[in-house]
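Only one structure is covered here, and it is reproduced in the block below.
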Number of protein chains: 2
Amino acid sequence: MKRKITLKQIAKELDVSISTVSKALSGSKEISEDTTQKIQAFAKLYNYRPNNIALSLKNRKTKTIGIIIPEIVHHFFSTVIRGIELVANKRGYNVIVGLSNESFTKEIINMEMLAGGSIDGFILSISKETLLKQDYHHFNATINQGMPIVLFDRVVNEVDCDKVIVDDFKGSLKAVNKLLSTGCKNIGLITTMDYVSVGRLRTQGYLEALEDGKINADANLILKIDDSLDVEGHLDVLENEIEKFFKSNKKIDGVFAVNELYAVTAMKVARKLGFKIPDDIQVIGFTDGVLSKHATPSLTTVSQHGQKIGEKAADLLIDRLELEESESIDYIEETERNENFKTVIIETELIERDSTK
Amino acid sequence: MKRKITLKQIAKELDVSISTVSKALSGSKEISEDTTQKIQAFAKLYNYRPNNIALSLKNRKTKTIGIIIPEIVHHFFSTVIRGIELVANKRGYNVIVGLSNESFTKEIINMEMLAGGSIDGFILSISKETLLKQDYHHFNATINQGMPIVLFDRVVNEVDCDKVIVDDFKGSLKAVNKLLSTGCKNIGLITTMDYVSVGRLRTQGYLEALEDGKINADANLILKIDDSLDVEGHLDVLENEIEKFFKSNKKIDGVFAVNELYAVTAMKVARKLGFKIPDDIQVIGFTDGVLSKHATPSLTTVSQHGQKIGEKAADLLIDRLELEESESIDYIEETERNENFKTVIIETELIERDSTK
DNA sequence: ATAAACAACGAAAACGTTTTCGTGTTGACA
DNA sequence: TGTCAACACGAAAACGTTTTCGTTGTTTAT
């Protein structure tokens with residue numbers, strides 16, 4: 001087992017100085033062709049690779065970006081990571097992931113761990129607990145330390161940074177319009193509690209669509225699930241709630257659910273109660289995951305394009321990192337700086353499958 | 001925007017030496033209580049955190065482990081990552097992920113990127129292309145450079161290292177036995193090409209179970225899917241193949257599929273052909289993912305416990321890292337070292353749901 | 001009174017790079 | 001022959017730590 005070879009060892013072996021080796025390897029004009037050849041050959045032979053850590057220390061940047069997401073076993077977040085990794089790698093960056101597990105404390109711990117020099121910037125989606133507490137000081141603190149953040153999906157006004165979101169509002173609008181245009185008169189909504197911004201926005205889209213269609217919203221037709229406990233296993237609770245919901249609203253002929261789990265569960269319950277899909281009840285979900293595609297009947301959904309979100313977020317972050325590098329941001333006025341934060345909106349797309357007419 | 005504060009700045013500000021600051025912060029007995037107090041207070045005030053990169057360089061270890069998996073948008077791999085991250089964080093390590101995307105070249109590029117000092121060790125699952133090429137030199141090369149590797153799930157004899165696998169063989173055995181014990185006489189197998197080791201092992205389990213049950217295996221009852229192209233969208237191809245399979249084997253009364261996608265698709269096709277599940281045909285899949293749980297009927301599966309695999313892999317790797325640290329492995333004989341590589345087998349579990357009797 | 005012990009601190013090396021700024025050796029040219 | 005580039009290379013600083021080994025004063029024991 002040979003330890004990785006260093007410049008120093010090459011220098012010693014070839015009886016030149018470290019500087020000479022470094023220059024020769026980078027092809028500097030300063031070094032004679034003879035020695036350059038010799039050094040490069042030797043380096044190749046021993047498979048020399050510069051030590052990333054030393055480079056990071058010297059350059060004061062690590063060329064890696066930190067991701068913190070609430071949960072990785074989740075199709076949407078996985079696709080976002082895939083997108084981030086894709087452009088990060090293409091642009092010479094690595095990706096290091098932390099999981100907050102929807103916990104405020106774990107989010108902070110993870111951020112502190114990574115902010116200690118391991119990364120150049122963050123891409124993250126806020127945990128539910130943090131949203132509930134509305135405590136965002138750790139985000140602003142790291143931003144103030146000069147470390148850029150890009151927020152995606154679950155974003156918040158209190159943090160001033162680049163953001164990538166989905167047009168939740170328009171997405172829901174499209175979905176509910178689809179239901180209306182295929183004849184639904186009593187459209188139920190299955191959503192989450194309001195503190196998750198995406199849930200709130202999707203609810204608004206639903207209401208707006210009804211209003212546009214001259215239909216009065218009925219509070220009984222809105223089912224809010226307390227998902228603070230829907231981790232796993234609470235599937236039966238979900239089913240029961242939805243079943244009660246259907247039973248107390250016999251006239252429902254369409255359902256819009258703010259995620260695919262709710263939608264698929266709604267289909268299951270509906271079928272159990274004897275409804276035909278899409279004949280008696282049509283269903284549309286949000287988030288085009290693996291469940292939607294393989295459910296029976298396959299589910300019409302609003303696709304969020306998670307990968308595109310990830311790609312865009314990575315591009316935004318890296319752009320900013322490399323901008324700072326060139327512009328020596330220390331001398332830019334506070335006021336100027338805050339103005340050019342972008343919020344990119346990724347368009348949703350209605351993917352029509354067999355759960356609608 | 002204040003840059004992160006360093007020991008040097010604290011030293012300058014408080015008019016002491018860098019060494020004094022360092023010692024005071026680590027609570028060394030060498031420094032008087034007065035100065036210690038003063039320095040610690042100052043450090044807290046300015047929110048000092050030691051620079052990880054500098055520490056990594058000094059200690060020659062990064063306290064981060066590299067994961068390389070073929071695909072992240074995949075329930076099984078996500079759960080493995082979750083397991084790795086869990087114990088890694090608990091033991092003070094970070095996790096940096098690379099995606100090979102089932103490509104040989106990308107696997108190598110990713111490994112080289114990370115092996116350049118960014119990480120202390122690898123946890124990885126081999127890409128399909130690599131398995132097909134049977135070229136494992138990059139794994140052995142990094143191991144020879146002194147960087148430990150733990151292989152999981154898709155492992156291979158040619159690489160000498162710690163491994164964590166699932167008892168694919170016994171898992172299949174259990175599954176097929178279950179089908180036999182509930183009265184199936186003609187059990188079909190839907191599997192992958194042989195070069196993926198897990199597919200091969202699961203096939204062997206199937207054959208063994210039939211043999212134990214005194215049933216002659218019938219080659220017509222085995223459907224091998226070429227999954228080199230099943231990325232996405234080739235779903236219809238899969239459905240067609242399975243449909244042909246069913247049609248040319250009218251007497252099938254049970255199906256064992258080596259992954260949940262095949263199993264769910266088989267259920268879909270079967271139902272389309274008018275079979276009742278589980279009355280006419282029973283189905284069992286492998287990999288307990290989100291599809292199995294929410295399919296209709298819910299799918300009986302062999303659970304691989306991905307999270308447990310990840311946890312175990314991380315423990316193995318970190319154990320080895322910290323062992324090397326204490327034992328100064330340079331002086332251990334070659335022969336001695338190779339002997340204590342472990343292969344841990346994670347037991348599977350048959351989760352019975354509604355697709356079997 | 002003097003050596004020894006101790007307390008409190010600083011200097012410097014080391015980790016592996018890159019880069020700036022010398023420095024000595026050539027050759028050409030006046 | 002003396003001056004000046006050009007050439008080829010080396011020394012050293014810097015990135016931010018930790019740690020070993022001094023180096024001071026001050027106290028204790030003899």
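These numbers were taken from a predicted model, which means no experiment stands behind them. Order of the sequence lines sets the chain letters (A, B, ...), proteins ahead of strands, with each chain counted from 1.
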Q.
Please list, in numerical order, the residues of residues 37-58 of chain B that have a heavy atom closer than 4.0 Å to any atom of DNA chain D.
A. B:Tyr48, B:Arg49, B:Pro50, B:Asn51, B:Ala54, B:Leu55, B:Lys58

Q. What residues form a salt bridge (charged side-chain N to carboxylate O under 4.0 Å, His left out) with B:Glu107, not counting sequence neighbours?
A. none

Q: Any chance you could lay out the side-chain hydrogen bond (donor to acceptor under 3.5 Å, both in side chains) test for A:Asp153 and A:Ser125, step after step, and finish with the verdict?
A: CA-CA 6 Å; A:Asp153 197 52; A:Ser125 193; 4.6 Å; no

Q | Neighbour count >12 (heavy atoms, 6.0 Å) for atom NZ, A:Lys308 | A | no

Q: Return each pair, listed once, that meets ring-ring contact (aromatic ring centres under 6.0 Å, His included) where at least one residue sits in residues 15-41 of chain A; pairs must be two or more places apart or across chains.
A: none

Q: Using ring-ring contact (aromatic ring centres under 6.0 Å, His included) as the criterion, list what pairs up with A:Phe77, not counting sequence neighbours.
A: A:His74

Q: Only counting residues at least two apart or in another chain, list the ones meeting salt bridge (charged side-chain N to carboxylate O under 4.0 Å, His left out) with B:Asp319.
A: B:Arg91

Q: Anything under 4.0 Å to a heavy atom of chain B counts; send over the first and last such nucleotide of DNA chain D, read 5' to 3'.
A: D:dC15 to D:dC21

**Q.** Salt-bridge present (B:Lys63, B:Asp120; N to O < 4.0 Å)
**A.** no

Q) What pairs of residues pass the ring-ring contact (aromatic ring centres under 6.0 Å, His included) test when at least one of them lies in residues 10-34 of chain B, not counting sequence neighbours? A) none

Q. Between the two ends of the helix from C:dA1-D:dT30 to C:dA30-D:dT1, what is the bend in degrees, rounded to 10 degrees, where each end axis spans five pairs?
A. 80°

Q: Give me the residues of residues 11-26 of chain B where at least one heavy atom lies under 4.0 Å from an atom of DNA chain D, by number, or none.
A: B:Ile18, B:Ser19, B:Ser22, B:Lys23

Q) How long is the line joining CD1 of B:Ile31 and P of C:dA7, in whole Å? A) 13 Å

Q) Atom CD of A:Glu30 to atom P of C:dC21: distance rounded to whole Å? A) 12 Å

Q.
Check this for me, if you would: do A:Glu33 and A:Lys38 make a salt bridge, where the nitrogen-to-carboxylate-oxygen distance has to be below 4.0 angstrom?
A. no

Q | All pairs passing ring-ring contact (aromatic ring centres under 6.0 Å, His included) where residues 35-72 of chain B contributes a residue, at least two apart | A | B:Phe42-B:Tyr46

Q: Scan for side-chain hydrogen bond (donor to acceptor under 3.5 Å, both in side chains) pairs involving residues 22-31 of chain B, sequence neighbours excluded, and state none if there are none.
A: B:Lys23-B:Glu30

Q) Do A:Lys8 and A:Val21 come close enough that some side-chain heavy atom pair is under 4.5 Å? A) no

Q: Please name all residues satisfying salt bridge (charged side-chain N to carboxylate O under 4.0 Å, His left out) with A:Glu71, sequence neighbours left out, ordered by chain then number.
A: B:Arg82

Q: Name the residue closer to the 5' end of DNA chain C, choosing between B:Ser32 and B:Arg60 according to the nucleotide with the nearest heavy atom.
A: B:Ser32

(Q) Quick check on DNA chain D: between B:Thr6 and A:Thr36, whose nearest nucleotide comes earlier from the 5' end? (A) A:Thr36

